[in-house]
Amino acid sequence: MRLTGFELKKLFLRAPILVALAVFTVFDLARISASVDAGSWLHRDETWNRVYWELYEKYGGDIETEKINDLLDIYKPLETAVNDLTATTRLDVEGTLTGNLYSDKNLLERYFVAPMKRFSTYRGDASKTVDAAAENAVFYKNLGNAFEARKNAAIARIYSGRRITEFYYTEGYRLYLDYDFSTVLIFLLLLYALSQSFARDRECRMTELLLTSPGGGAATVIARIWAATAYIFAVSLWFSAVDFAGFDIFSNLTDAGGLPVYAAETMREASVNMTLLEYSALSALTRALGFWALGMVFLALGLAGRHALLPFALGAGVFLACTLAGARWGYSSNPLLKVLNPYCALVNRLLYGRTEFLNVLGAPILTWQAGLVLTALTGAAAGGLAVTLSGKNKLGRGSKT
Amino acid sequence: MTLWRFEVRKMFKMNRGGLIAALFIIAELALLILGDTPVDAGAALFREEYLAALSEVEGPWTPEKAALLESRARDAEGLSEGFDVLYKQYLYVNEGREDRYFLDANGWAGLLADRGPDIPLAAAIILLSVPVYCGEAGGMKPLALTSCEGKRLFCRHKLLLALAAASGLSLSADLVRLVFFALKYGLPHGRFPVQSVELFGSSGKGLSLLGAEALAAGLRLLGAVELCMLTLLAAAVCGQFALSAFLATAAVLLPWIGLERQARYSLPLPSSLLAAVGFIRGSEFETDAMTGESAALFREVSTGELALIAAGAALICAMCVLMIRARYTTALSRRPGAGRRAAALCLALALGLALDGCAEKAMPTAGGTVYNSRDERLHEYNGLTVSVRDSEIVVTDASGVTSPLVRDALKGVNGELCRANFFASGRYVYYWREDSEGGGRDLASHTGRTYITSLVRADLDTFTQDVVFEEVIQYTLLGIDLPAGGALNSPGDGDFFVDENYIYILGPETCRVELSTGRPDVLRIPSNHNVAFDGRSIYYIDPEGVLSAFDTKTGETSALYSGPVSDFRLTEEGLSITTRTGTTVNLPLRAEDAGGQAGKM
């Protein structure tokens, strides 16, 4: 434990890292603010913003027939007028919400009618899926296709009882779930700190010294792995917290936090049943796990080369390769290509946001389950490699170290 | 001169600079060879016909050329795909008659494509520059600075050498690209205006194609020098390998990923300069589908602004030089080095894990194929009948019960679209599926984006559905949308058939796509009459009215029937031919010459 503390202090609690962490946090917040401004009409138009939140007071909360009818009473005449092009294009029309009929119609359609429709039809879509899956399960069972039968039974289980009964502002989640910039920031911080961990020892001639001391050798490396794990999770979760806080401040995440995860536009096909708030936490932890696996690879690569440049370059290369492969095969219908890549844990909406199965010896395994296991295995293998390779040092050969 | 030699040796031998430079050239070449798809896929696919049609109108727009193209387009019969490509180009040229010229633009469009910053170049520059000031192992720096020659020349030599290396890398990358595109597509008419290439259609800069490339190369050179200087400064100030590399990487990556497009090209950043082409492109507007408002996506960087940005970059370089020199007249720091160790195994493991499983699924040979493009889609197998009903592919079993073929329970929630057309052979039925994701990132793309088009094979014995071919339309890389540049889009509801190695898509001409690579090519097979396929040969009526067979294995074409043929149909027994005179002739195809080599009359 003391060794871990030393390693943590020596490698990670250093001025350049702390400064970079602070600066990157500011970058992250600036980027979040910019992406909210670019991605939301409410942030582009002051009138829309004011009118939206006024109407939201009225229509937010439980989805009720009264509210829907009330909304459609305002919306339908507008839609008709706009569609047959009889609406006036004047910008200061009395009795309108935003001063212009087209603008009114667009605001209502985008921010109320369309999402409400999406929410209220989801129940039907999901139950159709359940019915179809249940029917398929029987069909495939009769055909003797065991995997498809079990897969469809699993789909029926996942989608049964899905419904969205409340209406809240979900645009914040649309932007938040699609946000990747902090992933790059975390990557840079991890690569910098981890790629030099062994090189620094070598530079100050600690390597030889460590191997002659009782706490040196493998014990030090294991302590270093623990310290690195603490650092990786701290940095990764820190940026996840900053992301969440940033989007909550600049947009709004708390209102819709209690909605089910499939209420988000891109998560309709989610394979997990939980609230958006819980999903945010799960996603943050998954990203931390993905970075842990990559971090262990960076740590093991730190053993290469005479100074820290080669490990740094190799680490950057690994990340680039993972990212390109992840982007290339992220949507592929061959889920194996996705889950073998630790990138799937970093940008994990492609894992949780889709209901995909792997055929593992006839058992249907969801991609997120396989992805988590394989990512953890990658990290463990890389960590083990770091211990093995560093233990076999010039002086350590044959000895216990 | 000796000092120079030492520095050169240090950079290229001791610090593996030579290896880095070689790897860099290989990476640039590999990216081009593996990643390049023609910007205008049609012009590349129907190249001969396109060039033939183009040769009449090459050059600037004139009323005569417009009249010629219009009149050609009006008698629509018998127009080649090549002409279609040219006509599309004409529509583009017509929008800006002064500065848009007709030319085979694929080479230039590829050369001047907006690829974003040149990542291999940035990586090579960082790797070469970091050790320049960090790499003086064993306390050489104080020693060198106290020697007579060292005091004067130590810093200067290193600086000049690093600059020369960075410029050399940048220029050699340009040369590699130039040669690649000149050889692959040709780079004709360098003096035509840059607006002739669609990417620069709205550009307000009066550049020629050659001028645009020269400007882009110059900007990249400036970016390379700036990045080199910033890296050297980081190395000189902090003296640590990891920290210098980290700062330099952050300086390239973060502004590029973090800033909106407009902001990227408003600042003298190395990443933007390395991307170069964005500075030359014109303004772009986008009409919001819902409000009808036109919003500027990107405002062109004017020549004046570009000059300011270049001056800013030069100023940054100059300041870096001054600061590096200041470091090297005073401070004393040391960088002892230690032993080396390789862990390349980890990299191999990680890459292996990430890229494993790329192997294509083998496709069993389809037996007993009888396909006629003019027939109604109907397939019988083992008591099951596959047909299209209400835009859905359905299976009817012997007892008359109809059920959908596509048994994906999730289609209600994931918005996938299955085309109502299929090709069947024995137990396998093939159909096209399009997957999209709702809720785009941009405000304008509120409709779902299609991400992937797949050819799915359903097995009538087990009803298992396997994807045998897929093509990504667009993918996202850390928040940046990249077009995947697939040459093929699914045939929509059009006709197609499949064998073990290829998909054949019937259009005005038949296009063939290799399943394993996705590479398309064109078969000279018109599909205005029936086209039949028996699993090995394609039967069709050529433009002269001769019934011909194309052997897909050998690539040979042979005539099957001497007289003019108005129609034919492939059956289990052979070909049933209707001649121009209205008589029906049966032409048996023996099993062994189903290849179509024999059977000539």
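Scope of the values below: all heavy atoms of this structure, side chains included, with no hydrogens, waters or symmetry mates. All chains are named by letter (A, B, ...) in the order of the sequence lines, taking the proteins before the strands, and each is independently numbered beginning at 1.
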Which one of A:N145, A:D28, A:L346, A:D125 has the most heavy-atom pairs closer than 4.5 Å to chain B? A:N145
Taking the side chain as C-beta and beyond, is there a heavy-atom pair between A:L309 and B:L127 under 4.5 Å? yes
Report which part of A:A20 has an atom under 4.5 Å of a heavy atom belonging to chain B: side chain, backbone, both, or neither. side chain
Given heavy-atom pairs under 4.5 angstrom as the criterion, report whether the side chain, backbone, both or neither of A:L320 touches chain B. side chain
Which bit of A:R14 comes within less than 4.5 Å of chain B, counting heavy atoms only: side chain, backbone, both or neither? side chain
So, do B:T464 and A:E148 sit near enough that their side-chain heavy atoms are less than 4.5 Å apart? yes
Between A:Y262, A:Y122, A:F24, which has the largest tally of heavy atom pairs under 4.5 Å with chain B? A:F24
A side-chain contact here means heavy atoms from C-beta on lying under 4.5 Å apart; do A:Q196 and B:Q240 qualify? yes
With a 4.5 angstrom heavy-atom cut-off, which part of B:L247 approaches chain A: side chain, backbone, both or neither? neither
Which class fits the ring pair B:F246 and A:Y192: parallel under 30°, tilted 30 to 60°, perpendicular over 60°? parallel
Atom CD1 in A:I158, atom CG in B:L410: separation rounded to 0.5 Å? 8.5 Å
Heavy atoms from other residues, nucleotides or ligands near CZ of B:R261 exceed 12 (cutoff 6.0 Å): yes
Any side-chain heavy-atom pair of A:V184 and B:L254 under 4.5 Å: yes
Test side-chain contact (heavy atoms from CB on, under 4.5 Å) on B:R407 and A:E135 and set out the steps. CA-CA 10 Å; B:R407 304 197 72 91; A:E135 193 200 317; 3.4 Å; yes
How long is the gap from CG on A:L188 to OG1 on B:T249, to the nearest 0.5 Å? 6.5 Å
Portion of B:L253 that has a non-hydrogen atom of chain A nearer than 4.5 angstrom: side chain
Is there side-chain contact between A:N136 and B:F463, with at least one heavy-atom pair below 4.5 Å? no
Closest non-hydrogen contact found for A:A38 with B:E260 is CB-OE2, 4.1 Å
If one checks every heavy atom of A:Y179 against chain B at 4.5 Å, the contacting part turns out to be neither
Taking side chain as everything from C-beta outward and backbone as N, CA, C, O, which of these in B:A250 sits under 4.5 Å from a heavy atom of chain A? Side chain, backbone, both or neither. both
How long is the straight-line distance from CG of B:L259 back to CZ of A:F181, given to the nearest 0.5 Å? 8.0 Å
